[in-house]
Amino acid sequence: MHGRPNPLPREFFDRDTIEVARELLGKHLVHVVAGRERVGRIVEVEAYLGTHDRASHSSKGLTPRTRVMFGPPGHAYVYLIYGLYHCTNVVTEAAGCGAAVLLRALEPVLNLSGRSNGPGLLSNAMQIDLGRNGADLTGTELFVRDPGEPAPRHIARRPRIGVDGAGPRWAGRLLRFYEKDNAWISRR
DNA sequence: CTCCGGATTCGT
DNA sequence: CGAATCCGGAGT
């Protein structure tokens with residue numbers, strides 16, 4: 001039932017963040033919990049471009065929380081939001097850039113617990129919490145896998161969600177990407 | 001040390 | 001539209 005892990009290599013993440021964001025759509029996120037794979041097909045993401053992106057945590061500089069964002073690509077950046085939910089990101093580009101892609105929604109594939117349409121719900125369904133912050137995505141516990149299916153045909157671009165505080169210039173940028181007409185998107 | 005607000009979600 | 005719930009980051 002389990003294939004071999006087969007994670008995407010670090011080079012996949014060591015590229016332009018918008019490119020990585022778009023190419024993550026259709027890939028499978030895999031988390032092995034108690035020897036059992038939880039798998040979801042990535043259908044919605046947001047790009048956070050780096051220190052110059054006012055909506056990105058990294059725009060505040062290197063702090064204990066953003067340490068992972070400023071590290072090498074291909075690691076998980078997980079943080080607690082509103083004291084209630086976790087958000088799961090993948091770090092992109094070279095160390096020092098502070099760039100990442102937020103995973104916003106999954107189409108259930110295997111063993112997800114509950115809804116996965118929204119960053120907090122996604123993390124719950126995949127059982128990802130702060131214990132996974134900094135996890136190496138080229139390992140065998142938490143990783144991204146190419147399902148070997150055709151990439152999504154129609155990718156929609158919209159402004160990111162919940163970043164109005166970054167000002168109109170950054171909040172207006174079309175850095176949210178999702179598979180058009182997919183039923184598991186967090187919002188229209 | 002205190003204080004404020006957040007890349008969310010749910011119920012009213 | 002407000003509550004839930006807690007920590008990071010900034011200021012004293």
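Just so we're clear, the structure is a prediction, and the values are computed from it rather than from any experiment. Numbered from 1 within each chain, the chains take letters A, B, ... in sequence-line order. The figures that follow rest on heavy atoms only: side chains count, while hydrogens, waters and symmetry mates do not.
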**Student:** Under a 4.5 Å cut-off applied to non-hydrogen side-chain atoms, are Glu11(A) and Phe13(A) in contact?
**Tutor:** no
**Student:** Is Leu112(A) reachable from Leu122(A) through a run of hydrophobic residues whose side-chain heavy atoms are each under 4.5 Å from the next?
**Tutor:**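 Yes, same cluster.
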**Student:** Using atom CD of Glu46(A) as one end and atom C1' of dA7(B) as the other, report the distance to the nearest whole Å.
**Tutor:**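 Rounding to the nearest Å, CD of Glu46(A) and C1' of dA7(B) are 6 Å apart.
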**Student:** Do His75(A) and Arg10(A) have side chains that approach each other closer than 4.5 Å (heavy atoms only, starting at C-beta)?
**Tutor:** yes
**Student:** Under a 4.5 Å cut-off applied to non-hydrogen side-chain atoms, are Arg160(A) and Tyr48(A) in contact?
**Tutor:**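 Yes, at least one pair of side-chain atoms sits under 4.5 Å.
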**Student:** May I have the step-by-step check of side-chain contact (heavy atoms from CB on, under 4.5 Å) for Lys60(A) and Arg65(A), ending in yes or no?
**Tutor:** CA-CA 10 Å; Lys60(A) 300 297 182 186; Arg65(A) 183 172 65 153; over 6 Å; no
**Student:** Could you write out DNA chain C as a dot-bracket string, with dots for unpaired bases, | for bases paired across to another strand, and Watson-Crick or G-U pairs counted at under 3.5 Å?
**Tutor:** ||||.||||||.
**Student:** Quickly work out the Ile161(A) CD1 to dG6(B) P distance and round it to whole Å.
**Tutor:** 16 Å
**Student:** Using only side-chain N and O atoms of Arg115(A), determine if any of them is under 4.0 Å from OP1 or OP2 of dC10(B).
**Tutor:** yes
**Student:** Is NZ or CZ of Arg158(A) both nearer than 6.0 Å to the six-membered ring centre of Phe177(A) and within 45° of the ring axis?
**Tutor:**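 The answer is no, since Arg158(A) fails at least one limit relative to Phe177(A).
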**Student:** Can a cation-pi geometry be assigned to Arg15(A) and Phe12(A), taking NZ or CZ under 6.0 Å from the six-membered ring centre and within 45° of the ring axis?
**Tutor:**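 Yes, Arg15(A) lies over the aromatic ring of Phe12(A).
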**Student:** Are any of the side-chain nitrogens in Arg132(A) or Glu141(A) under 4.0 Å away from the carboxylate oxygens of its partner?
**Tutor:**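 Between Glu141(A) and Arg132(A) there is a salt bridge, with a charged N closer than 4.0 Å to a carboxylate O.
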**Student:** Quick check on contacts: within residues 179-188 of chain A, what sits under 4.0 Å from DNA chain C by heavy-atom distance?
**Tutor:**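 Nothing qualifies; none.
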**Student:** Across nucleotides 2-12 of chain C, 5' to 3', mark each nucleotide with B, S or - according to how protein heavy atoms within less than 4.0 Å reach it.
**Tutor:** --BBBSSS---
**Student:** May I ask you to check whether over 12 heavy atoms, not counting those of Trp184(A), lie within 6.0 Å of atom CH2?
**Tutor:** no
**Student:** Given side chains that start at C-beta, do those of Leu25(A) and Val45(A) come closer than 4.5 Å, heavy atoms only?
**Tutor:** yes
